[in-house]
Amino acid sequence: MKLSLVVPCFNEEESIPLFYQAVQEAFVGCGYDYEIVFVDDGSKDRTLSVLRQIYTAQKCPVKVVSFSRNFGKEAALFAGMKHACGDYISLIDADLQQHPSIVRNMVQILDEDTTCDIVAAYQDRRNEGKVLSFFKKAFYSLINKLSDVTLKSDASDFRTFRRKVAESIISLNEYHRFSKGIFAWVGFNTQFIPYTAAKRAAGKTKWHFGKLFNYAVDGIIGYSIKPLRVATFLSGITACAALIYLIMVVLEKLITGIDIPGYATIIVLILFLGSMQLFCIGIIGEYVGRTFEQSKQRPIYLEKEYLTYE
Ligand code: UDP
Ligand code: MG
């Protein structure tokens, strides 16, 4: 098998038939065999029955992995890669924002350039609101400052790579998966190509602000321990401030001879230090929480059903 298309699907009953059709059209006469690995990420709509129909129609080799509940896109990509048997593996969304014909170009690049291991697409123009764009930019600049890996802004999960890359990614069994970080961490020669994301074929985006925020926290905490140093940094600042304040109080007493009423200062200091301490405990808590979840060694996903042509 030359190519596996890994497609995460969460409530995509309307998009999947359009996606399937677009794949057939994009790969007609391509001259190599390919399979589609659909991963139903615990959808609540008719996604699974639509996938079963496509599987039975057998226009091309199709595998369907169905999760017992929603485990998230990252888990779906992981499961898809595990079941894929192609020499090249391509990660692509089900909503046709990323057109399958681009995958054909990616395959061609990998065929022609044997030194290239990953072809990744980045969005040359973003079709999203200014506020979201601003936060995404801020996130990339923050994570690139904090972490040891460098993430290319605007690069998505939409990429095609060689089997060895997929095997490296699967070998990382971290529970909180952040694929942009994982890709940067595993390395390999990557070529970036621009693409313009289309409008969703049908349905709605699954990413609201809260989910994106959690994803960003996963990215920062998962790829850097620098936030833990915030406590040390803050303790230095507060110690300096306290010393300066002490000197000021002593001088004022010596010069003017008046006692300085202390309760307002004490309240301000207690509040300030208390909030700093809670902030630092919060950061430590994020790491402890992740260590706890990882230590349970729970699987990244659970399968309810698996359909294969093999
Ligand atoms: N997806 C998933 N599990 C989730 C959320 C999303 O498998 O919990 C899939 C979704 O079906 C789609 C892809 O991930 O194929 C990208 O999701 P979406 O289009 O909602 O994200 P956006 O393109 O808006 O960033
Ligand atoms: Mg989308």
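Hydrogens, waters and symmetry mates play no part in the numbers below; they use all other heavy atoms, side chains included. In this text, all values refer to a predicted model and were calculated from it rather than measured experimentally. Ligands are counted one by one from 1 in listed order, and the atoms in each one are counted from 1 as well.
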Charged N to carboxylate O under 4.0 angstrom, D93 versus K73?
yes

If the threshold is 4.0 Å, N to carboxylate O, is there a salt bridge linking D40 and R52?
no

Tell me whether D95 has at least one N, O or S atom under 2.8 Å from the Mg ion (ligand 2).
yes

Tell me, please, if Q97 has any N/O/S atom, main chain or side chain, under 2.8 Å from the Mg ion (ligand 2)?
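Q97 does place an N, O or S atom closer than 2.8 Å to the Mg ion (ligand 2).
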
Taking side chain as C-beta onward, heavy atoms only, is R163 less than 4.5 Å from Y88?
no

Starting from [atom], what is the nearest protein heavy atom, named by residue and atom, and what distance separates them?
atom: atom 16 (C) of ligand 1; value: D93 OD2, 3.3 Å
atom: atom 23 (O) of ligand 1; value: Q97 OE1, 2.7 Å
atom: atom 4 (C) of ligand 1; value: D41 OD2, 3.4 Å
atom: atom 24 (O) of ligand 1; value: T205 OG1, 2.5 Å
atom: atom 20 (O) of ligand 1; value: K206 N, 2.7 Å
atom: atom 11 (O) of ligand 1; value: E12 OE2, 2.6 Å
atom: atom 18 (P) of ligand 1; value: R200 NH2, 3.4 Å
atom: atom 25 (O) of ligand 1; value: W207 CD1, 3.5 Å

Aromatic ring proximity, centroids under 6.0 angstrom, F158 and Y195
yes

G72 neighbourhood, listing ligand 1 atoms whose heavy-atom distance to it stays under 4.0 Å:
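Per the distance check, 3 (N), 8 (O).
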
Should [X] be counted as touching ligand 1, given the test is an N or O pair under 3.5 Å?
X: P8; value: yes
X: A94; value: yes
X: D95; value: yes

Structural part of C9 in contact with ligand 1, heavy atom criterion under 4.0 angstrom
backbone

Of the backbone atoms (N, CA, C, O) and the side-chain heavy atoms from C-beta on, which set of N70 has a member under 4.0 Å from an atom of ligand 1: side chain, backbone, both, or neither?
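The answer is the side chain.
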
Where do E12 and R200 land on the salt bridge (charged side-chain N to carboxylate O under 4.0 Å, His left out) test, with the steps shown first?
CA-CA 11 Å; E12 301 282 5; R200 244 183 178 278; 3.0 Å; yes

What is the distance from atom NZ of K63 to atom NE2 of H83, rounded to the nearest 0.5 Å?
8.5 Å

To the nearest 0.5 Å, what is the distance between CE on M106 and OG on S101?
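With rounding to 0.5 Å, CE (M106) is 10.5 Å from OG (S101).
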
For the residue pair A84 and V37, what are the closest heavy atoms and their distance?
CA-CG2, 4.1 Å

Could you go through F71 and F78, starting from their C-alpha distance and side-chain angles, then the distance that decides it, and tell me whether this counts as ring-ring contact (aromatic ring centres under 6.0 Å, His included)?
CA-CA 11 Å; F71 281 88; F78 179 77; over 10 Å; no

Does the pair Y34 and F27 meet the rule for a ring-ring contact (aromatic ring centres under 6.0 Å, His included), with working shown?
CA-CA 9 Å; Y34 64 92; F27 284 92; 4.8 Å; yes

